[in-house]
There are 2 protein chains.
Amino acid sequence: MFDVLRNHIEKKVSLTDDEFAQASALFTIRKLKKKQFLLQQGDVCRYESFVVTGCLKSYHTDDQGVDHVLRFSVEYHWAGDLDSFINKTPSSFNIEAMEPVTLLVIDEPSLDQLYQCVPKLETFFRLLNQNALIATSQRVIKNLSIPASERYHLFLQANPHLVQRIPLKDIASYLGITPVFLSKLRREKPGF
Amino acid sequence: MFDVLRNHIEKKVSLTDDEFAQASALFTIRKLKKKQFLLQQGDVCRYESFVVTGCLKSYHTDDQGVDHVLRFSVEYHWAGDLDSFINKTPSSFNIEAMEPVTLLVIDEPSLDQLYQCVPKLETFFRLLNQNALIATSQRVIKNLSIPASERYHLFLQANPHLVQRIPLKDIASYLGITPVFLSKLRREKPGF
DNA sequence: TTTTACACTTAAACCAGGTGAAGAAAACCG
DNA sequence: CGGTTTTCTTCACCTGGTTTAAGTGTAAAA
């Protein structure tokens, strides 16, 4: 369980046994059933969560009741709303388990404490957010410059595993199109 | 000149004179004329740049030759391509001065060194990227959930100063619409 | 002073993608 | 297994936004 987390962290910074012990003491295990919520829009996000098994989606429900998927979090990735977590503001996201999920969660005071005790972990989370920022910026540009059909095929290539696991309507939502239109795309350009 | 940078940093973390001296020794002053490039698509981004005066745009030119603006960097903000800067890969962005610009620039080895000597500055840049990630994520959701006309008015409200400084076509590009359509929007819903 | 260049507007034809409704196919659950 | 719910598809029609192309205003270059 915790060794998965250690493995994940040590891909970016190396830790002594003692340092990792300090860290793991601050995480707790949490399980969710399919369709359970880790966070509901309007609530404050109290935890950053490392996904050990399963898959979650983070999505915003707009005033017309339409969902827009920001990201999927699968094994060895993180789930949470950074804005709400840091600033203690009501979140504008739902985070929902798409499958039974096992998480290692940490709250904000503990994470702060961890940064003090083990500065290497501040570096780790800095790198994590740096990569997330890079990926999100690329997504903005792709959404602006690439038509939906191509965005769909790029998504398929980049996430062949995900497509088997999650409903198409959620992929459509992630891509910024309707399920109806995605269906049309699949009919027109099959294969690939 | 450098006091502007210090002021900016101390909004997030406080520094001793000595700590700031170590930092400022690693930055150098750079000036650009209007229309000069800080970075050209395809080159590796060697510097993170703090904007003292002026305004720049970061944009990607797609295979059809169309520009897509990722961000504007004005006074007391930063310019650079994080992906290219960190990973030393050819950048997919141009960064161009829209006005005469004065910058304080730092290269990657120096920044790394700075993180070692003054850990508080690692915290500072972590917070900076954290905020950028939050803002960029919100932009993804807004682009997916809000129609162009509303996005335009939100942009006006949020950046009243910018609109006076930069061409409308660049705002259109930032919003993900054509200048022609932006012009139509302005005609239909004037005022505000 | 004239020329060139670029930003902005207008209008009309066009298309990528959305809407609503309704059925077929899967997936879920007792 | 059988019934319910959810997902996926199809079709007919609609709209927000693009494209192309022409015209105007302005500022800088020559």
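Convention: sequence-line order gives letters A, B, ...; per-chain numbering from 1.
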Exercise. In terms of the angle between their ring planes, are A:W78 and A:H8 parallel, tilted or perpendicular, with boundaries placed at 30° and 60°?
Worked result: tilted
Original post:
Can you check whether A:F27 and A:F50 have ring centres sitting under 6.0 Å from each other?
Top reply: no
Quick note, A:K184 side chain, CB onward, closest among C:dG17, C:dG20, D:dA21 is C:dG17
In whole angstroms, the gap separating C1' of C:dA16 from CZ of A:R151 amounts to 11 Å
When rounded to whole Å, the CZ to P distance for the pair B:R187 and D:dG16 reads 15 Å
Only one of B:R165, B:K33, B:K35 passes side-chain hydrogen bond (donor to acceptor under 3.5 Å, both in side chains) with B:E99, and that residue is B:R165
Under a 4.0 Å heavy-atom criterion, the protein footprint on nucleotides 25-30 of chain C, written with B, S and -, is ---S--
Looking at B:Y174, is B:R139 sitting on its ring face, NZ or CZ under 6.0 Å from the six-membered ring centre and within 45 degrees of the normal?
yes
Contact check, residues 162-179 of chain A vs DNA chain C, heavy-atom distance under 4.0 Å, returns A:G176, A:I177, A:T178
Sequence neighbours left out, cut at 3.5 Å: what donor-acceptor pairs do the side chains of residues 120-131 of chain A make with other protein atoms?
residue, atom, partner, partner atom, Å
A:K120, NZ, A:S14, O, 3.1
A:K120, NZ, A:E19, OE1, 3.0
A:K120, NZ, A:E19, OE2, 3.4
A:E122, OE1, B:T123, OG1, 3.3
A:E122, OE2, B:T123, N, 3.4
A:E122, OE2, B:T123, OG1, 2.7
A:E122, OE2, B:R126, NE, 2.8
A:E122, OE2, B:R126, NH2, 3.4
A:T123, OG1, B:E122, OE1, 3.3
A:T123, OG1, B:E122, OE2, 2.7
A:R126, NE, B:E122, OE2, 2.8
A:R126, NH2, B:E122, OE2, 3.4
A:N131, ND2, A:L127, O, 3.4

note: A:R186, atom CZ; D:dC8, atom C1'; distance rounded to Å ~ 8 Å
Side-chain contact check for B:P147: nearest option of D:dG17, C:dT10, C:dG17 is D:dG17
query: Do B:S58 side-chain atoms and B:L70 backbone N/O form a donor-acceptor pair below 3.5 Å?
result: no
Check whether B:Y152 forms a cation-pi arrangement with B:R186 (NZ or CZ under 6.0 Å from the six-membered ring centre, at most 45° off the ring normal).
no
**Asked** Side-chain donor-acceptor pair under 3.5 Å between A:D81 and A:S91, yes or no?
**Response** yes
Check: Given side chains that start at C-beta, do those of A:N159 and A:F72 come closer than 4.5 Å, heavy atoms only?
Finding: no
_Check this for me: does any side-chain nitrogen of one of A:E10 and A:R6 sit under 4.0 Å from a carboxylate oxygen of the other?_
yes
Considering only nitrogen or oxygen atoms on both sides, find all protein atoms under 3.5 Å from nucleotides 26-30 of chain D and state each distance.
none

(message) Around atom NZ of A:K88, are there more than 12 heavy atoms from other residues, nucleotides or ligands closer than 6.0 Å?
(response) yes
Winner on side-chain proximity to A:F181, out of D:dT20, C:dG18, D:dT9, is C:dG18
The residue, B:L182 or B:K35, whose nearest nucleotide of DNA chain C is more 5′ is B:K35
Is it the case that more than 12 heavy atoms not belonging to B:F37 sit under 6.0 Å from its CZ atom?
yes
Across all chains, not counting sequence neighbours, the side-chain contact (heavy atoms from CB on, under 4.5 Å) partners of B:S110 are B:L26, B:I106, B:D107
As a check of understanding: the bend across the helix from C:dT1-D:dA30 to C:dG30-D:dC1, end axes from five pairs, rounded to 10 degrees, works out to 50°
